[in-house]
Amino acid sequence: MNITQPFPANTGQLLLQGNHLSCVRQERVLFTQLSLQLNAGQLLQIQGKNGAGKSSLLRILAGLAQPDDGELCYQAKPLAQSLPAYCANLCYIGHQSGIHEQLTALENLSFWRSAANLKRGDDWALLAQLGLAGLEDVPCRMLSAGQQRRVSLARLWLTPAQIWILDEPFTALDQGAISLLQQHMLYHLQQGGAIILTTHQTLTLPFPSLIQLELAYRW
Ligand SMILES: Nc1ncnc2c1ncn2[C@@H]1O[C@H](COP(=O)(O)OP(=O)(O)OP(=O)(O)O)[C@@H](O)[C@H]1O
């Protein structure tokens, strides 16, 4: 089940630009003078050793943290001027699953739909596609780590956002789910979406628009 995206398939359009970004944590400079850009249709994979600063960079790119220096622009406008439009066009999934553990998978999907003002849809079919048939009504705290991650990633089938920022999305997933997610990512890119992700795993599908950025570990 692939949902038609509401944004134009305008591959190549400049979406996000980071200009001379710096980030300092616990008196350690994680990165400085880092510039990057993301166009529609592109997949940007940020790589680096544990502690290099990948999640910190993603949080800055998602507008959840301020850079210590530099500027982030969405559609060529500084974030200070474009934050509401950026947030409306962004789906960020961090290390934490972001699901309500007391709620069932179906209830979580229903919650996301109402939070994002989305129409009702066939969530049973989506959960079945994600390998969660028979678990729709189970509180998420009773699901395995990989099953919880699948519920969390269901947002990527619901969201109308063009830009996805995903921090280690393959964590806890088995090969089948990794493959399903990569196929969905490919579809999203073909529709004019754009993705920034970190992963310690090798991508197994050929992504034609893949750009890799290595963050060096700085002492
Ligand atoms: N909110 C914070 N306050 C203080 N230090 C932080 C904070 N967030 C991250 N750090 C520190 O910044 C460094 C980089 O962390 P970050 O999570 O960005 O690394 P990472 O590259 O994503 O690592 P991993 O591959 O292990 O997930 C770490 O040394 C961490 O201790």
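Quantities reported herein were computed from a predicted structural model and do not represent experimental measurements. As the structure lists them, so they are numbered: ligands from 1, and atoms in each ligand from 1.
For Arg28 and Tyr217, the positive end sits near the middle of the six-membered ring, less than 6.0 Å away and at most 45° from its axis.
For ligand 1, the 4.0 Å heavy-atom shell contains residues Arg25, Gln26, Arg28, Leu30, Lys49, Asn50, Gly51, Ala52, Gly53, Lys54, Ser55, Ser56, His95, His200.
Shown here are the ring pair (Phe, Tyr, Trp, His ring centres under 6.0 Å) partners of His20, two or more places apart in sequence or in another chain: there are none.
At least one side-chain heavy atom of Gln13 sits under 4.5 Å from a side-chain heavy atom of Gln162. No side-chain heavy atom of His188 sits less than 4.5 Å from a side-chain heavy atom of Leu156.
A salt bridge is defined here as a Lys NZ or Arg NE, NH1 or NH2 lying under 4.0 Å from an Asp or Glu carboxylate O, and Asp174 with Arg150 meets this definition.
Between Phe111 and His100, the two ring planes are perpendicular [angle over 60°; tilted spans 30° to 60°].
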